[in-house]
Amino acid sequence: MTLGMTDAERELIATRRQKRDALVALRQNPYANGVTAKNTAAEIEAAHASEGRVPKELDKTKTYSVAGRVMFHRSFGKATFLKVKDRSGIIQGYAKQDVLPEADFKAFEQLEMGDIVFIEGHPFRTKTGELTIEATKLQVLTKALRPLPDKWHGLSDHETRYRQRYVDLIVNPEVAAAFRARTHVVSAVRRILDDQEFLEVETPSMHTLIGGAAAKPFKTHHNALDLELFMRIAPELYLKRLLVGGFERVYEIARCYRNEGLSTRHNPEFTMLEYYWAYRTYEDLMSFTEVMLRKIDAALKQAMPAEHAKWLSERPFTIDEPFARVPMAEMVKRAASKTEIPQWVDAVKNGGEGLVAILKTDFGAQIKEWAKSSPRAKKLDWGNFRQGMNKCDNDGERLFSCYEYLVEPYLTDDYRSADGSKSLPVFVKDYPYETSPLARKNDANPSLVDRFELFVHGRELCNAFSELNDPDDQADRFRAQVDRKAKGAEETMDFDEDYVRALEHGMPPAAGFGMGIDRLAMALTNAPSIRDVILFPLLRKEG
RNA sequence: GGGAGCGUAGCUCAAUUGGCAGAGCAAAGGACUCUUAAUCCUUAGGUUGACGGUUCGAUUCCGUCCGCUCUCACCA
């Protein structure tokens with residue numbers, strides 16, 4: 001797969017150039033402009049839907065015109081069927097020598113698959129009942145110099161699909177559908193928030209400090225200011241400054257950049273929705289999240305009913321039932337019991353406090369014994385769990401690590417719909433404060449913060465919390481971050497003095513919410529890879 | 001970054017133990033005025049990702065590199 005062409009490819013293109021030249025010789029512009037069709041394929045189809053799929057004579061009382069790409073071409077010499085694809089769908093055309101003007105038919109003989117055409121004529125239905133436009137006018141609007149991929153097998157090579165997305169979109173309707181779905185999702189998000197009197201804003205995507213998330217940034221440089229800049233990893237701190245400024249409900253659909261590994265769930269640039277809502281708590285946002293996801297899915301259903309039905313039937317989770325809402329510590333206790341490791345089960349029975357104590361010291365020697373307790377215990381990722389626990393500095397991080405290795409891999413198994421057929425989205429709530437430097441401490445238990453993450457079919461989709469608005473507490477947490485960086489931690493935040501100054505002016509009590517738009521689009525369209533919902537995913541340089 | 005796999009015609013895929021690199025679609029020429037993966041006759045199309053090695057002989061075996069896919073780690 002390179003940009004270099006083989007002789008065979010050059011030949012195919014040369015042939016098409018000859019046909020283009022033939023059009024010019026016939027005084028037709030192979031890149032004509034200013035031609036507008038009066039109809040779309042779907043419109044014409046809809047106008048005749050009541051007829052049913054039965055043969056029907058040519059109806060000269062009706063005239064339609066469509067423009068689009070020729071996806072199919074079958075010639076009988078003096079008559080030809082072709083299928084034209086426009087933004088709405090596909091419709092068949094029929095060109096007969098004795099109907100078309102002579103000049104049109106001559107030009108038509110130069111037409112082939114992939115060209116963009118204009119066709120005008122009267123409708124009829126073929127003997128198999130397919131609605132077809134018999135052309136009285138036909139013009140090549142744009143000559144295509146490259147052939148389309150195989151009409152039956154299409155284009156399946158992943159690399160070519162990503163690198164030449166334009167071809168992917170032409171020949172793979174389900175690919176185009178996923179991207180249309182993404183657009184509908186984004187506009188539904190906007191509509192839902194706008195209806196709640198949110199203000200959509202745009203904040204900087206080039207930052208002088210790293211903040212708002214734990215991630216490695218991309219670096220860039222401004223020449224005139226001679227300024228080192230970081231591409232934003234999250235819009236959070238700017239949006240909360242706007243809460244201080246009196247915008248009580250703000251959101252941004254923000255492209256973020258993180259200089260980390262690529263995977264089926266991670267692209268270096270991705271889109272995040274963040275909103276901040278004054279005088280609301282994280283508990284309020286859980287309810288709103290359920291409502292929002294259902295509304296988004298409903299909007300998708302309305303916009304793309306046929307595709308949505310397919311996605312819904314194949315969807316391994318359901319959003320119709322109330323989502324589970326479980327404190328992280330509770331989830332760890334449940335999951336620990338399920339391992340049937342006797343010491344863990346005892347610790348859980350005694351209130352669960354002892355569990356972290358058991359795991360606090362290196363448990364490498366006990367893994368062998370523990371793993372025998374149950375099939376589930378055997379399957380745990382013991383190596384990484386042990387390593388992760390050993391890296392923890394405090395019990396909060398240990399609880400989080402337990403959650404990661406004992407709970408998260410089993411979310412889709414442990415949390416099911418009422419009839420057990422689908423997985424149920426889970427709000428994991430009440431995080432240890434050490435893992436959440438921007439979240440508000442829980443009033444009853446200051447070792448926790450008022451935070452949740454939403455997991456849909458085992459994948460993290462949302463992250464939200466009641467916002468920390470105590471400037472002194474925030475300053476302390478920034479300092480802790482800076483200390484960790486000094487000790488070598490890579491993904492920590494900088495101390496943002498201006499943000500603390502803003503908090504000192506008083507930020508109204510608020511809850512904030514983040515959601516990966518790419519991941520939401522994946523979830524709703526059953527996309528196995530984030531690259532299926534990002535039009536041009538990052539790839540290595542071609543060639 | 002670690003591990004596994006893949007790379008053959010424009011597209012989708014074959015190729016026996018290492019023995020002349022093939023098919024369908026697309027393309028070119030011809031027949032055909034209701035096709036639905038149209039049909040029939042004819043033709044052309046290849047640096048088998050790149051470089052090197054083993055061999056009389058490499059798409060096939062070995063090494064290096066490039067690219068992609070999956071997966072693990074980091075993360076959303």
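Proteins get letters first, then strands, A, B, ... in listed order; numbering begins at 1 in each.
Residue A:R519 places its side chain closer to B:A76 than to any other of B:C34, B:A76, B:C68. Minimum atom distance to the side chain of A:Y162 is reached by B:U69, of the listed B:A76, B:G46, B:U69.
In this structure B:C32 sits in no base pair that meets the Watson-Crick or G-U test at under 3.5 Å. Across all strands shown, B:U54 forms no Watson-Crick or G-U wobble pair with both key distances under 3.5 Å. The partner of B:G5, taking Watson-Crick or G-U wobble pairs whose two distances both stay under 3.5 Å, is B:C68.
Aromatic ring pairs are classed by plane angle as parallel below 30°, tilted from 30° to 60° and perpendicular above 60°; the pair A:F288 and A:Y275 is perpendicular.
To the nearest angstrom, P of B:A76 lies 18 Å from OH of A:Y257. Taking atom CG on A:D157 and atom C1' on B:A9, their separation rounds to 14 Å, with Å as the unit.
Under the salt bridge (Lys or Arg N to Asp or Glu O under 4.0 Å) criterion, the residue pairs touching residues 448-466 of chain A are A:R440-A:D450, A:R451-A:E453, with sequence neighbours excluded. Annotation: ring-ring contact (aromatic ring centres under 6.0 Å, His included) contacts involving residues 131-156 of chain A, sequence neighbours excluded, are absent. Identified under the ring-ring contact (aromatic ring centres under 6.0 Å, His included) test for residues 123-146 of chain A, with sequence neighbours left out: A:Y94-A:F124.
Residues meeting the ring-ring contact (aromatic ring centres under 6.0 Å, His included) test with A:H73, sequence neighbours left out: none. With sequence neighbours excluded, the residues forming a salt bridge (charged side-chain N to carboxylate O under 4.0 Å, His left out) with A:D7 are A:R10, listed by chain and number.
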Nucleotide N/O of nucleotides 24-27 of chain B paired with protein N/O under 3.5 Å:
residue, atom, partner, partner atom, Å
B:G24, N2, A:D150, OD2, 2.7
B:C25, O2, A:D150, OD2, 3.3
B:A26, OP1, A:K151, NZ, 3.0

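Under 4.0 angstrom from either OP1 or OP2 of B:G10 there lies no side-chain N or O belonging to A:R146.
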